[in-house]
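Just below is one structure, and these are the notes that go with it.
From a predicted model like this one, the values you see are computed outputs, not experimental measurements.
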Amino acid sequence: MPVADSWNYTYYYVLASKGIQDFILRGDKLKLMIGGSELVDDLPEKVVGEILTAMDLKEGEDFLVLSKAAGGVRLLFAGKEPAERFCELVPPAFSLYAPDLDFVQAVETIGSNLAETMDRAEKKLALRRSIMFPSYPSAGPLVERSPRSGQPSTGMIMVSGGNREEADNAMVIKFKAAEKARSAMALKTLPARDNNMHYRLPDSFEELTSKDNSTIAIVHIDGNGLGSVVTSLFKELSRLGNEKATEAYRKFCIAIQESTEQSVQEALTPIIQAHENSGGNRKPLPFRPLICAGDDVTIVLRAEDAVRFSVDFFESFEKHSEKKLLETGIEGLKNHLPLTACAGIAFVKKSFPFSQAYGLCESLCRFAKDRTGRKCSALAFWRLTSSMADDFTGILERELTIRYSGENESRTVLTMMPYSAGTKAAGPRAEQLLELKEAVSRMPRGGLRSLLSDLFKGKKLAVQSFERLCDVNSEERTGRGGARQLEELLGALEAITGNSKAQALFAGDATPLHDAVELISAERS
């Protein structure tokens with residue numbers, strides 16, 4: 001809706017859901033996550049829209065929508081009474097629509113400067129996010145409980161093998177939402193089809209892969225430094241009149257959401273094309289988007305598609321964010337462009353508890369952000385082979401850093417993560433890792449196993465083992481075919497480490513070889 005000719009709004013209202021990821025992912029069943037995702041995506045229409053309609057308020061006269069995204073809205077009201085009444089109606093509506101989805105809301109009187117009002121409301125929201133809200137009524141000792149959440153059961157849901165299971169209120173509502181889903185998430189994240197046919201998405205982890213206990217990838221992507229971008233935005237808006245600030249803010253919110261959605265669509269397109277070209281039209285697509293809100297994306301897909309998807313997303317996100325934010329005409333944003341993002345990828349068996357795997361994804365994403373200083377797009381990954389998912393900083397120290405007591409060597413680091421991508425890429429690049437993975441996959445396995453074993457015994461011994469590998473696979477020993485494989489391996493290592501010949505195995509104390517082998521293992525398991 002366009003801004004009304006006469007700008008007469010006096011109250012600013014903001015609503016934001018709290019713990020969206022936790023709400024969507026709770027329960028460890030993909031169908032419950034699908035339902036949670038649908039509830040969050042439909043919330044602006046199903047809750048906010050219906051409350052405004054029930055109050056008989058007219059957009060452009062009584063209220064104006066500034067932004068409307070998954071899990072929240074920002075509104076302008078023309079009077080105090082409708083703003084306060086709307087605030088009162090939100091809690092009971094939330095409790096019926098999406099139980100266990102926490103939220104915070106705030107109302108501020110608009111002074112002479114809308115940007116300052118918005119800033120006050122956002123600060124108030126930040127303080128309220130830390131408040132814990134109790135859950136009532138408390139259940140007695142004789143109440144049947146859900147085995148997944150420990151909360152009181154209010155119904156039954158279907159689980160694997162056609163069995164029924166006790167479920168809490170949130171699970172029951174999520175399950176119903178998944179059953180009736182028109183897939184708002186699919187509309188946001190999948191490219192349009194010319195024949196007007198709908199894509200079929202998997203409803204369970206079993207449908208993602210054909211093997212009984214194969215590995216899947218959980219990818220969590222989060223934008224870099226959006227908080228500083230918003231700070232610059234508010235400074236710019238404070239120089240504008242309220243009407244112009246309103247329109248500029250709306251354009252900014254739309255630009256961020258559209259950049260993310262279009263980037264997901266473009267990154268998924270090659271996977272869809274490969275799936276359809278291989279005769280998979282009758283099967284569900286090999287991925288399931290779960291979250292696509294603002295600069296936040298979570299998707300489950302096959303292990304072999306995870307790194308390529310992330311790199312393609314980064315490149316598209318940088319391109320679209322720069323183009324769309326420049327089109328808003330907000331001068332203060334130019335120094336932040338293009339926007340970048342980081343990804344954490346967890347490779348796990350499809351039976352592994354999803355909430356634990358997602359926690360690992362978040363720690364991998366934080367690691368990538370911290371190591372790059374949030375200055376470029378980058379990714380980090382881990383193939384989980386144990387029964388517990390640790391924070392990646394602990395994994396890095398415990399499993400990827402080998403320390404020695406000798407005088408000449410102190411340690412060997414079995415990773416060069418994070419791997420960067422996009423126009424601002426610095427250090428080892430994800431594309432280089434993919435090339436190394438392909439080169440390693442063509443090498444004889446025996447020599448590589450010996451080399452990997454020697455990496456744990458020290459850098460000096462590993463270099464000697466690498467020299468033997470090069471000698472054994474030289475043209476004199478194997479002919480042109482083996483020599484070509486060795487040349488590809490050396491070329492890929494040199495591109496990442498910046499060193500040549502036998503020294504190409506390391507950049508300082510770190511090697512990318514283990515990363516490439518882990519990627520191969522994830523894709524083949």
Within the 4.5 Å heavy-atom criterion, are Leu190 and Gln265 side-chain neighbours or not?
no
Evaluate the criterion side chain to side chain donor-acceptor pair (under 3.5 Å) for residue pair Gln464 and Asp454; output intermediate values, then yes/no.
CA-CA 9 Å; Gln464 292 173 354; Asp454 287 338; over 6 Å; no
Going by the rule salt bridge (Lys or Arg N to Asp or Glu O under 4.0 Å), which residues pair with Lys18 if we only count those two or more places apart in sequence or in a different chain?
none
Ion pair check, Glu327 and Lys323, cut-off under 4.0 Å
yes
Quick one: closest heavy-atom pair of Ser310 and Ala343, and the distance?
OG-CB, 4.2 Å
Does the side chain of Leu451 come within less than 4.5 Å of Leu505's, by heavy atoms?
yes
All side chain to side chain contact (heavy atoms under 4.5 Å, CB included) counterparts of Ile20, not counting sequence neighbours:
Ser17, Ile24, Val40
In terms of heavy-atom contacts, His320 and Ser263 come closest through CD2-OG, 3.8 Å
Nearest atoms (heavy-atom pairs only) where Gly35 meets Ala177
O-CB, 3.8 Å
Contacts of Lys334 meeting salt bridge (Lys or Arg N to Asp or Glu O under 4.0 Å) (sequence neighbours excluded), chain-then-number -> Glu331
Any non-hydrogen side-chain atom of Arg148 less than 4.5 Å from a side-chain atom of Arg26?
no
Would a distance-only check, ignoring hydrogens and angles, find a side-chain to backbone donor-acceptor pair under 3.5 Å from Thr412 to Ile402?
no
Glu431: what forms a salt bridge (Lys or Arg N to Asp or Glu O under 4.0 Å) with it, not counting sequence neighbours?
Arg308
For the pair Asp471 and Arg468, find out whether any cationic side-chain nitrogen is under 4.0 Å from an anionic carboxylate oxygen.
no
With a 3.5 Å distance limit and no angle check, can you tell me whether Asn277 reaches the backbone of Gln273 through a side-chain donor-acceptor pair?
yes
Does any non-hydrogen side-chain atom of Lys349 lie less than 4.5 Å from one of Ser214?
no
Could you walk me through whether Met417 and Asp515 pass the side-chain contact (heavy atoms from CB on, under 4.5 Å) test, one step at a time?
CA-CA 8 Å; Met417 290 189 284; Asp515 292 331; 4.0 Å; yes
What pairs with Glu315 under salt bridge (Lys or Arg N to Asp or Glu O under 4.0 Å), at least two apart in sequence or on another chain?
none
So which heavy atom on Phe205 is nearest to which on Leu30, and how close?
N-CD2, 3.8 Å
Check the pair Lys324, Glu258 against salt bridge (Lys or Arg N to Asp or Glu O under 4.0 Å), reporting the backbone distance first and the verdict last.
CA-CA 8 Å; Lys324 291 182 180 297; Glu258 287 185 348; 3.5 Å; yes
Test your reading of the model: is there a side-chain donor-acceptor pair from Lys188 to the backbone of Cys292, 3.5 Å cut-off?
yes
pair Thr372-Cys342: side-chain heavy atoms closer than 4.5 Å:
yes
So, do Leu414 and Phe456 sit near enough that their side-chain heavy atoms are less than 4.5 Å apart?
yes
Determine which pairs satisfy salt bridge (charged side-chain N to carboxylate O under 4.0 Å, His left out) with at least one residue from residues 412-430, sequence neighbours left out, and list them in order.
none
Salt bridge or not between Arg200 and Glu207? Use side-chain N to carboxylate O under 4.0 Å.
yes
Within the side chain of Ser441, is there an N or O that forms a donor-acceptor pair under 3.5 Å with the backbone of Glu438?
yes
Under the criterion salt bridge (Lys or Arg N to Asp or Glu O under 4.0 Å), I'd like the reasoning laid out for Lys437 against Glu523: C-alpha separation, chi angles, the key distance, then a yes or no.
CA-CA 11 Å; Lys437 182 201 72 172; Glu523 294 177 3; 3.0 Å; yes
Find out whether Leu290 and Ile299 are in side-chain contact, i.e. whether some heavy atom of one side chain is under 4.5 Å from a heavy atom of the other.
no
By side-chain hydrogen bond (donor to acceptor under 3.5 Å, both in side chains), which residues pair with Glu236, not counting sequence neighbours?
Arg239
Pair Asp312, Glu266 - check side-chain contact (heavy atoms from CB on, under 4.5 Å), show working.
CA-CA 7 Å; Asp312 289 347; Glu266 291 178 6; over 6 Å; no
Distance-only donor-acceptor pairs under 3.5 Å for side chains of residues 216-225, two or more places apart:
from: His220; atom 1: ND1; to: Thr298; atom 2: OG1; distance (Å): 3.4
from: His220; atom 1: ND1; to: Tyr358; atom 2: OH; distance (Å): 3.3
from: Asn224; atom 1: OD1; to: Lys369; atom 2: NZ; distance (Å): 3.1
from: Asn224; atom 1: ND2; to: Thr340; atom 2: OG1; distance (Å): 2.9
from: Asn224; atom 1: ND2; to: Cys376; atom 2: O; distance (Å): 3.1

The complete set of side chain to side chain donor-acceptor pair (under 3.5 Å) pairs with one or both residues in residues 488-511, sequence neighbours excluded, reads Arg442-Glu488
What residues form a side-chain hydrogen bond (donor to acceptor under 3.5 Å, both in side chains) with Arg129, not counting sequence neighbours?
none
Going through the checks in order, is the side-chain contact (heavy atoms from CB on, under 4.5 Å) test met by Val348 and Thr215?
CA-CA 5 Å; Val348 298; Thr215 299; 5.8 Å; no
Those residues at least two apart in sequence (or on a different chain) that pass side-chain hydrogen bond (donor to acceptor under 3.5 Å, both in side chains) with Asp391 are Arg366, Thr393
Is it true that a side-chain atom of Ser363 and a backbone atom of Leu360 form a donor plus acceptor pair closer than 3.5 Å?
yes
Taking NZ, NE, NH1 and NH2 as the nitrogens, is one of them in Glu122 or Arg74 under 4.0 Å from a carboxylate oxygen of the other?
yes
Measure the shortest side-chain to side-chain distance between Pro191 and Ile272 over non-hydrogen atoms and say whether it is less than 4.5 angstrom.
yes
For side chain to side chain donor-acceptor pair (under 3.5 Å), just list the numbers for Ser232 and His336, CA-CA rounded to whole Å, side-chain angles, deciding distance to a tenth of an Å, and then say yes or no.
CA-CA 9 Å; Ser232 297; His336 298 278; 2.7 Å; yes
Is there a donor in the side chain of Gln257 and an acceptor in the side chain of Glu261, or the other way round, less than 3.5 Å apart?
yes
Among Val229, Leu226, Val230, find the one that has a side-chain contact (heavy atoms from CB on, under 4.5 Å) with Ile256.
Leu226
Identify, with sequence neighbours excluded, every residue that meets side-chain hydrogen bond (donor to acceptor under 3.5 Å, both in side chains) alongside Thr423.
Glu318
For Phe347 and Ala303, which heavy atoms make the closest approach, and how far apart are they?
CE2-O, 3.5 Å
Between Phe287 and Phe309, is the gap from one ring center to the other below 6.0 Å?
no
Name the orientation class of the two ring planes belonging to Phe392 and Phe367 (parallel below 30°, tilted from 30 to 60°, perpendicular beyond 60°).
perpendicular
Say whether, by atom type as modelled, one donor and one acceptor occur between the side chain of Ser450 and the main chain of Ser465 under 3.5 angstrom.
no
Of all the heavy-atom pairs spanning Phe317 and Asp295, show the shortest one and how long it is.
CZ-CB, 4.4 Å
Under the side-chain contact (heavy atoms from CB on, under 4.5 Å) rule, what do Phe354 and Met33 come out as? Steps first, then yes or no, please.
CA-CA 10 Å; Phe354 194 94; Met33 298 177 202; 3.2 Å; yes
